[in-house]
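Some notes on the structure that comes next.
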Amino acid sequence: MRGTRPGQRAARLWRRALAVSERALAAGALVPLRTERVPHPSSAPFVLRRLLSSTPKHLRAGGPKPNPFLPWEPLLQVELLGESHVVLLNKFPVQRGHLLLITSQWQAQAGWLQENDWASVAHVASDTGGLWFFNSCAEAGASQPHRHLQLLPRHPGEPSCPLAPRLRCQLDGLAPAWPWAYRLSRRHDPLGCSDLPSLYQEHCRSLGLGSPESDRQPRHPYNLLFDDDWFLTVRRVREHAAGFSVNALGFAGCLLCCPSSRLDWIETEGPFRLLQEVAASPELLLESQIEGLTAPD
């Protein structure tokens with residue numbers, strides 16, 4: 001990583017999350033998902049994992065009806081961030097210490113991320129680094145309609161995700177662009193996070209998602225992913241393809257295989273083609289841009 005490294009942070013929140021995890025697990029409030037890595041050399045650098053646990057309700061069609069964040073489970077609480085946000089454990093983690101940053105009052109996942117959301121991200125990021133991601137709605141892989149960003153903490157020197165080296169190569173002009181509608185930018189303030197609001201709004205405008213000034217909510221589904229080096233936004237058109245449920249982590253290079261997942265399709269077409277199936281095409285993005293230029297005043 002360039003600039004400040006995760007090892008220079010206190011990682012107090014991560015350590016606290018691991019301690020809270022032990023207590024929550026003992027009390028039955030935490031339900032880790034059992035998975036195994038699927039050997040699939042032709043899919044490298046993607047990491048495929050097979051779900052061995054029963055599919056939790058939040059991954060089933062339609063999802064659970066009650067809002068699990070209002071109220072949230074006290075045993076999953078890691079830290080209150082003032083009156084606006086709370087850091088929780090993901091109740092169904094694949095990785096230990098998987099953190100959720102939720103709004104303490106109802107805010108729609110499908111709405112625009114706001115100034116206090118980014119301020120709360122900055123508070124957490126100044127202490128604990130890793131891979132952040134956000135699924136804007138069900139079509140982008142969100143399992144809950146209550147606003148939540150997610151953080152997978154990382155150790156010093158550990159890549160944030162399998163595709164991080166490829167993304168850095170793209171930023172340096174050493175790897176070709178992907179054949180779908182996305183925006184990738186280099187970050188310049190990983191600890192202070194002052195760059196995040198402007199990158200978010202710039203990406204949303206250029207991807208035809210609209211802007212908070214002119215649209216009540218984003219016009220299309222999308223995913224966000226970012227670490228200390230880069231900020232990525234992907235416009236989506238669907239959540240499923242070839243039996244895979246794809247959220248933001250798919251664009252990080254992490255795929256979860258369920259019984260319906262077609263590994264034979266992945267073997268033939270490849271994981272990048274899977275992402276192309278669920279992301280908006282560049283042609284669709286161009287159509288949106290032309291409509292915006294020709295719309296009446």
Side-chain angles (χ1 to χ4, degrees), residues 1-2 6 33 35-51 59 90 93-99 129-136 140-143 149-172 174-187 190 203 221-258 261-280:
M1 285 186 174
R2 300 178 180 83
L33 299 182
T35 67
E36 64 179 4
R37 185 155 180 174
V38 179
H40 213 267
S42 64
S43 294
F46 282 75
V47 172
L48 278 65
R49 301 197 70 85
R50 180 181 289 110
L51 181 65
L59 293 178
N90 183 340
V94 171
Q95 173 191 310
R96 290 179 70 242
H98 182 163
L99 298 175
L131 177 68
W132 288 88
F133 63 100
F134 177 78
N135 309 309
S136 73
S143 60
L149 291 98
Q150 305 188 53
L151 172 63
L152 295 175
R154 295 291 183 247
H155 291 291
E158 183 182 9
S160 64
C161 63
L163 292 185
R166 170 72 176 261
L167 289 164
R168 289 196 293 271
C169 284
Q170 280 199 30
L171 287 170
D172 293 335
L174 301 176
W178 287 325
W180 53 77
Y182 73 102
R183 290 293 180 268
L184 174 65
S185 296
R186 196 183 304 277
R187 296 215 36 217
H203 283 200
Y222 67 94
N223 294 125
L224 298 179
L225 300 102
F226 55 97
D227 68 4
D228 284 357
D229 286 340
W230 46 264
F231 186 92
L232 173 68
T233 308
V234 181
R235 179 169 155 180
R236 297 286 299 271
V237 291
R238 64 183 60 87
E239 190 258 351
H240 269 79
F244 284 85
S245 174
V246 182
N247 66 9
L249 289 180
F251 295 90
C254 302
L255 297 173
L256 187 63
C257 306
C258 298
S261 301
R262 293 189 53 195
L263 286 174
D264 61 326
W265 189 95
I266 291 289
E267 184 68 38
T268 302
E269 302 293 338
F272 283 108
R273 178 57 189 275
L274 177 69
L275 301 186
Q276 191 174 357
E277 289 289 312
V278 299

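Closest non-hydrogen pair, Arg236 versus Val278, comes out as NE-O, 3.2 Å. Pairing each heavy atom of Leu51 with each of Cys258, the nearest pair is CD2-SG, 4.3 Å. Smallest separation of non-hydrogen atoms from Ser136 and Pro221: OG-CA, 3.5 Å. The two residues Phe244 and Leu256 come nearest to each other via the heavy atoms CD2-O, 3.7 Å. Residues Gly250 and Leu163 come closest through the heavy atom pair O-CD1, 4.5 Å. Residue Leu131 comes nearest to Arg154 through the heavy atom pair N-CG, 4.3 Å, listed as atom of the first residue, atom of the second, then distance.
For the pair Gln95 (side chain) and Pro153 (backbone), a donor-acceptor distance under 3.5 Å is present. A donor-acceptor contact shorter than 3.5 Å is absent between the side chain of Asn223 and the backbone of Val234.
If you take OG on Ser185 and CG on Leu171, they are separated by 7.5 Å, rounding to the nearest 0.5 Å. To the nearest 0.5 angstrom, Arg238 atom CZ is 6.5 Å from Glu277 atom CD. Between atom CG of residue Asp264 and atom CD of residue Glu269 there is a gap of 10.0 Å, rounded to the nearest 0.5 Å. Once rounded to the nearest 0.5 Å, the distance linking CG of Leu152 with CZ of Phe133 reads 5.0 Å. The distance from the OG atom of Ser143 to the CD atom of Glu239 is 10.0 Å, given to the nearest 0.5 Å. Of the inter-residue distances, the one linking Leu33 atom CG with Arg49 atom CZ reads 11.0 Å to the nearest 0.5 angstrom.
Residue Asp229 is tested with Arg187, Arg186, Arg168 for a side-chain contact (heavy atoms from CB on, under 4.5 Å); the sole match is Arg168. Each of Leu184, Asp227, Asp172 was scored for a side-chain contact (heavy atoms from CB on, under 4.5 Å) with Leu167, with one residue passing: Leu184.
Looking at residues two or more places apart in sequence or on another chain, you find a ring pair (Phe, Tyr, Trp, His ring centres under 6.0 Å) between Phe231 and His203, Phe226. Residues satisfying the side-chain contact (heavy atoms from CB on, under 4.5 Å) test with Thr268, not counting sequence neighbours, are none.
Contact check for Arg235 versus Arg183: no side-chain heavy atoms found under the 4.5 Å cut-off.
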Cut-off 3.5 Å, no hydrogens considered: what does the side-chain donor-acceptor table look like for residues 174-182, sequence neighbours left out?
unit_1	atom_1	unit_2	atom_2	d
Tyr182	OH	Gln170	OE1	2.7
Tyr182	OH	Trp178	N	2.9

